[in-house]
Amino acid sequence: MLPNEPEMSDPVYILGGGSIGLLLATRLAPVTDIVLIRRPGQHPPRCQLTLQEGELTRQIAVAQVGADALAEPARRLIVCTKAYDALAALRQLGARLPADASLLLMQNGMSSQEEILAAFPQAHIHAASSTEGAYRPAPNRVVHAGRGITRIGRLQGQEQDWAKLLCQGGLASETVEPIRWHLANKLRVNALINPLTVLHDCRNGELLEQPAARAAMQRLGEEADAVLAAAGYRFADSAFDQACAVAARTADNISSMLQDARAGRRLELDAITGYLLQLAERHGVAAPTHRALYQRLAARA
Ligand code: PAF
């Protein structure tokens with residue numbers, strides 16, 4: 001083992017108590033030492049979390065601490081904040097985040113991963129693209145609404161078997177290469193579905209039924225195909241076909257962005273549409289429909 005390499009006996013810290021943070025905390029606590037890092041402030045040393053899946057409900061006790069009160073260095077850390085909070089939340093850990101920590105990034109979109117790679121050049125960084133469906137109806141309760149798969153791959157530093165850990169916790173997971181392709185594949189789906197569900201205030205499946213929404217999705221798809229191709233990504237199908245298939249499969253879902261909009265939370269617009277627009281600019285490709293959608297939703301926020 002190298003001098004400061006994390007040991008498997010190091011606890012796994014989970015940064016962020018949103019739906020994915022609670023899902024991972026409740027699934028992993030039975031198989032390894034978990035510490036949930038909550039917002040700065042006073043928190044009792046343990047919390048009782050409820051995991052609900054269908055009719056089944058389980059109570060799981062998990063250690064927790066405020067981000068400003070961490071006593072030990074977080075050598076193995078799963079980052080479960082929203083994309084726009086991820087870098088600031090890591091910086092907030094200060095000296096409690098060793099420079100060579102092992103990080104697993106769970107964020108949507110592709111912008112926060114790039115920022116974190118640049119800010120922590122010595123860290124061992126993996127990213128995940130997950131299709132698990134979860135929501136948090138109360139601060140200590142998570143509903144595992146739809147089983148999916150979490151694909152994990154290395155972005156920087158040494159390989160760590162995060163997929164094995166998730167599998168031990170009962171979550172389907174696999175190591176993939178290159179993870180950037182999987183992130184881009186999810187990005188194109190999110191860029192076509194999520195902002196439109198906010199604009200039309202509708203479930204994913206309704207985008208396929210409303211002619212105006214479907215036509216917008218098609219235009220967004222053509223632009224996303226051109227941008228991602230210019231950036232070197234190759235896909236067997238078009239963004240539109242892929243997004244239609246996902247919207248049909250998740251027809252009853254309220255997209256994560258529409259959930260944020262309805263709850264009055266900030267939208268992950270920069271990480272998704274904003275990142276696509278950055279790529280478009282970098283490669284000199286026009287993406288006027290994405291730009292107009294970005295401007296409309298940004299103004300609304
Ligand atoms: O962000 C989401 O809600 C999901 O990634 C997806 C695939 C659009 C399904 O709702």
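Side chains included, hydrogens not; waters and symmetry mates left out as well; all remaining heavy atoms used. Order of appearance sets the numbers: ligands from 1, and atoms from 1 within every ligand.
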**Report entry** Polar proximity ligand 1 side, Ser255 side, N/O cut 3.5 Å exclusive
**Finding:** no
Query - Which residues share a side-chain hydrogen bond (donor to acceptor under 3.5 Å, both in side chains) with Thr197, sequence neighbours left out - result: Ser255
**Report entry** atom 6 (C) of ligand 1: the protein heavy-atom neighbour that sits closest, reported with distance to 0.1 Å
**Finding:** Asn190 ND2, 4.1 Å
Report summary line: for atom 8 (C) of ligand 1, nearest protein heavy atom and its distance come out as Asn194 OD1, 3.2 Å
**Report entry** Contact atoms of ligand 1, heavy-atom distance to Asn204 under 4.0 Å
**Finding:** 9 (C), 10 (O)
Query raised in the report: Taking non-hydrogen atoms only, is Val246 closer than 4.0 angstrom to ligand 1 via side chain, backbone, both or neither?
Result: side chain
Query raised in the report: Quick one: does Glu132's side chain have a donor or acceptor within less than 3.5 Å of a partner on His144's backbone?
Result: no
Please tabulate, for side-chain N and O atoms in residues 272-289, each donor-acceptor pair with protein atoms closer than 3.5 Å (sequence neighbours left out).
unit_1: Glu281; atom_1: OE2; unit_2: Arg291; atom_2: NH2; d: 3.2
unit_1: His283; atom_1: ND1; unit_2: Ala230; atom_2: O; d: 3.4
unit_1: Thr289; atom_1: OG1; unit_2: Glu223; atom_2: OE2; d: 2.4

Query raised in the report: So do the side chains of Trp181 and Leu228 get within less than 4.5 Å of each other, counting heavy atoms only?
Result: no
**Report entry** Validation row: Arg154, Ile179 side chains within 4.5 angstrom (heavy atoms)
**Finding:** no
Report summary line: Looking only at heavy atoms, the pair that brings Arg27 and Val31 closest together is O-CG2, 4.4 Å
Report task. Please lay out, stage by stage, how Arg188 and Asp237 fare under the test salt bridge (charged side-chain N to carboxylate O under 4.0 Å, His left out). Result -> CA-CA 11 Å; Arg188 64 188 187 139; Asp237 54 1; 2.6 Å; yes
Query raised in the report: Considering only protein heavy atoms, which is closest to atom 2 (C) of ligand 1, and at what distance to one decimal place?
Result: Ser256 OG, 3.4 Å
Query raised in the report: With a 4.0 Å cut-off on heavy atoms, does Met257 reach ligand 1?
Result: no
**Report entry** Atoms in ligand 1 with a heavy atom of Lys186 nearer than 4.0 Å
**Finding:** 5 (O)
Query raised in the report: In ligand 1, which numbered atoms sit nearer than 4.0 Å to a non-hydrogen atom of Asn253?
Result: 9 (C), 10 (O)
